[in-house]
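These notes are about the structure you will find just below.
Atoms considered below: every heavy atom in the structure, side chains included; atoms not considered: hydrogens, waters and symmetry mates. Below, chain A is the first sequence line, B the second, and so on; all start at residue 1.
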Amino acid sequence: MACRKESMETPDYDHNAIENKWVERWEAEGAFRAAADPEKPKRYVLVMFPYPSGPAHMGHVANYSLGDVVARYYTRIGYSVLHPMGYDAFGLPAENAAISGGIHPARWTRDNIELIRNDLKRLGYSYDWSRELSTCEPEYYRWTQWFFLKMFERGLAYKADATANWCPACGTVLANEQVLGDGTCERCSTFVEERWLNQWFFRIKEYAERLLVDMDLLEEWPERVLTMQRNWIGKSHGADVEFTLEATGEKITIYTTRPDTLFGVTFFLLAPEHPLVDWMVQGTEREAEVAAFRERLSGRTEFERTALDAVKDGVFLGHYVTNPVNGERVPVYTANFVLFEYGTGAVMAVPAHDQRDFEFARKYDLPVRVVIQPPDGELVADEMTEAYEDPGTMVASPGFDGTPNEEGKAAVCDMLEGNGWGRRAVNYRLRDWLISRQRYWGVPIPIVYCEKCGTVPVPEEDLPVILPEDLDLAEGGRSPLPLAESFWSTTCPECGGPAKRETDTMDTFVDSSWYYFRYVSPRDDSHPFDPEETLYWMPVDQYIGGIEHAIMHLLYSRFFTKVIHDLGLIDFKEPFSNLLCQGMITKDGAKMSKSKGNVVTPGDYIDRLGADTLRLYILFMGPPEVQKDWSDAGVEGAHRFLGRVWRMVHERCLQAGSAGEPDPVRDRALLSATHRTIMNVTRDLGEFAFNTAVSFIMELVNAVYQYTTEGPVNREVLVEAVRSAISLLAPFTPFITEELWRAMGEEGSVHQAPWPTFDEVLARPEEVTLVVQVNGKVRDKITVPADISEDEMRQRALASENTTRFIGDKAIRKVVVVPGKLVNIVI
RNA sequence: GCCGAAGUGGCGGAAUGGUAGACGCGCUGGUCUCAAAAACCAGUGGGGGAAACCCCGUGCCGGUUCAACUCCGGCCUUCGGCACCA
């Protein structure tokens, strides 16, 4: 058996020596290689890979420590575990660093990968390092380009004109998050403009319905993430209605969710970008007015233009359309608040029942007609101060008067369909995914433009289109690709004539939308992912990452998986079966970011207190899903606990001999505590309740101290308790537990040892505290045998002195008995 | 404005409708020491009391229940997401 009496000398807990030793040993052994083993159940545990912007920060430590506990736990309970790591290595910060520090993005990125890899290794995460990947390497992005080609083949990648945030100083498109609240560029403070550009899109909108419906498959996803995605997709039901342009008889279709208000239309609106706007005013005296209106809009982002408090602005276009339902002629305006990208870019205006239309009507003195009356009271158009958008009864709507408006929606739709004026329609808020970036540090889009053949995809066998790394950023941080003839000058794959390459690169969200597939066969150079390995490992069983990726990354990944499914490469529809979203780790309540200079990194803590301490502390801080503010108050406590564990083994266990009179009551209590701890920790790990799992282990350690301090020691019972504590703690603090496990004379690694099992009977304490309440207030606590009968409980409770004092001579109306726990006497 | 999450000691946080504050930090006291640190042991929500005990207490106001941090209704605050989506 393990505990031998050895030298009385207690070795120091030298965390640095221990951790360095095991890092090296695990590395040399390839300790966490994943292998598909058909005999075993599998578990693919995935943590969101980092953007390598420097060394690891505490958010990474929190995220990856969670994943590591899960991966190690599943290994211990007999699963084949895949737990990989890689780098989301393309992106804007690398270019910013190049601009400010003069370092090439490639160099900066690879240096940072080095830094973060080093941190991750020191932290002892059980990654299969042989599968490490980086999205900026040609072996990886070759397949990102391959997916682009597949999208292109299926018509899911297309090029179109669209507006984008354009920084005139930087000469490039900015993502929304790169535009500050005041509409300026985050990098150069120049006012960002809206600019029309011809850009590449993925048709994610085509998948909107499936992305929505398949959420039913995501039973183990947090409800809040599903809600966010649902809102983002923004499905609505309504009707398309055709209005007739008076001048030409042309039909203009609008989308509305309120067909019940169709009789209240008093004007008609077009988005400023709508092509009809120009047509309507061309060569008229209103042309200048429209130009002035456009001038007011330009120099602003859609962001600003569509801000809720923005003042309604518009211009009459001198034309009229006819409302099909009543033949009324209403004027056409263009207005700042109408979105070109949503619906058809044209809307009917019902000022009485839409707040935006109401404000516009009041400003331009347009009529307001009430067609829905509220259940209480009666609206008078002239007296209204805001639109009435709630349910009510239809009025002034010939054929529908008196109909409750919710019913009216269906009735009006029937009427529209019957007359061929319109039809029921569904719309989504989700827009197609703009993937073009006028950037250097990203995946080149594998497209060639030929004067003769037009837009031609690069043939699969010519992939990858290599991003040249010998270029420096152009003036103002612009992409050098359009200037590098060596890059863009090529021949047409179809006709062999001279051609130009696309010089835009892809949004980095494309890179991260499929990386989890690549981990199953990262070195495969004939497929993006090996079919056999995929069959075994995919889908991801447990995905863990920050809540900040709730929408974009997770939605794009779901989209990619569906496309891959449609390509016939996989038979599942969703990539991530279970999702755990950890809350952000903030510093002083704010998101950690380099620009704020509030990034806390693990390095110093590892040096001073050890990786085990840091891991333990961050998991102990609280439940994974809540936002946590970093404070190191208490990190010493975690270290102190590990010291206590260290001494528990060396001083209390290895040096202890059985001594004194045996005390079966105390022995049984420790044994019971051991089994109870195994039970509780096992349960908590299954629920990601890592903070309470750690608490239970701490309690067991405290119990061992108490046991060895107070009286005679039964070696066998003591060893079982100590061994169990080390074994349970191993997924949290892999280094110290491995060291102590060996010190206790165990052969092999604690990380390969079977997870401890418990006996439910032993886990039950022999005695419990019986709470006695009078009218719901605690009046006494009595220690009783755990198997006490309800009758006995009642008797003991009624006999309690403090209780009888409270009952006095009052009559007992009722006695509630909760078996094994509580008696409430109601008087 | 809409959607979502959360409000519990000095702090991080525990509590299948059944002992509110587990575990840890911090603090206080003790043991050890010439002393200190470390370690070990004990105490620690607020108020009252010598003590036994008693009263109050989970953002606020109501309700359901023998019993509410937990369930229901209404507010307040903080954080996150979306932001004129017709």
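For RNA chain B, the residues of residues 771-782 of chain A within the heavy-atom distance limit of 4.0 Å (strictly under) are A/V771, A/Q773, A/K777, A/V778, A/R779, A/K781, sorted by number. RNA chain B lies under 4.0 Å from at least one heavy atom of each of the following residues of residues 820-827 of chain A: A/K821, A/L822, A/N824, A/V826.
Residue contacts shown for A/R647 are limited to sugar-phosphate atoms, with no base heavy atom under 4.0 Å away. At the heavy-atom level, A/Y705 lies under 4.0 Å from the strands shown only through sugar-phosphate atoms. Contacts of A/F806 with the nucleic acid, taken as non-hydrogen atoms under 4.0 Å apart, involve only primed sugar atoms and P, OP1 or OP2. Across all strands, A/I551 comes closer than 4.0 Å only to sugar-phosphate atoms, never to a base (heavy-atom distances). If you check every strand for non-hydrogen atoms under 4.0 Å, A/S631 touches nothing. Among the protein residues, A/R356 comes within range of the nucleic acid bases, having at least one heavy atom under 4.0 Å from a base atom. Within 4.0 Å of A/R805, counting heavy atoms only, lie sugar-phosphate atoms of the nucleic acid but no base atom. Nucleic acid contact class of A/N802 (heavy atoms, under 4.0 Å, all strands): sugar-phosphate only. If you check every strand for non-hydrogen atoms under 4.0 Å, A/G234 touches nothing. Within 4.0 Å (heavy atoms only), A/N702 reaches sugar-phosphate atoms of the nucleic acid but no base atom. Within 4.0 Å of A/R644, counting heavy atoms only, lie sugar-phosphate atoms of the nucleic acid but no base atom.
Between the P atom of B/C53 and the CD atom of A/E801 lies a distance of 9 Å, rounded to the nearest Å. In this structure, NZ of A/K409 is placed 10 Å from P of B/A86, rounded to the nearest angstrom.
The 5' end of RNA chain B is approached more closely, in terms of each residue's nearest nucleotide, by A/N231 than by the other of A/V635 and A/N231. When the nearest nucleotides of RNA chain B are assigned to A/V694 and A/Y428 by heavy-atom distance, the more 5′-ward of the two goes with A/V694.
Under the Watson-Crick and G-U wobble criteria, each requiring two contacts below 3.5 Å, nucleotide B/G1 is paired to B/C82.
For the 3.5 Å distance criterion, the side chains of A/E209 and A/Y428 qualify, holding a donor opposite an acceptor. With no hydrogens or angles considered, no side-chain donor-acceptor pair links A/D780 and A/N802 at under 3.5 Å. Defined by atom type and a distance below 3.5 Å, a donor-acceptor pair is present between the side-chain atoms of A/D632 and A/Y605. Counted by atom type alone, A/T613 and A/R608 present zero donor-acceptor pairs between their side chains at under 3.5 Å. Side-chain atoms of A/N231 and A/R429 form no donor-acceptor pair, as typed in the model, at a separation below 3.5 Å.
In this structure the side chain of A/L642 reaches within 4.5 angstrom of the side chain of A/L616, judged on heavy atoms. Within the 4.5 Å cutoff, side-chain heavy atoms of A/T334 are placed close to those of A/L317.
Between the P atoms of B/A20 and B/U70, the separation comes to 14 Å (whole Å).
A perpendicular orientation is assigned to the rings of A/H549 and A/H553, their planes being inclined by more than 60° (bins at 30° and 60°).
The glycosidic torsion of B/G73 lies more than 90° away from 0, which places this base in the anti conformation.
Geometrically, A/K251 does not engage A/F243 in a cation-pi contact, judged by NZ or CZ lying under 6.0 Å from the ring centre and within 45° of the ring axis.
For A/T257 and B/C85, the shortest distance from a side-chain N or O to OP1 or OP2 is not below 4.0 Å.
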Does the side chain to side chain contact (heavy atoms under 4.5 Å, CB included) test come out yes or no for A/F806 and A/I825, once each step is laid out? CA-CA 10 Å; A/F806 273 90; A/I825 300 160; over 6 Å; no

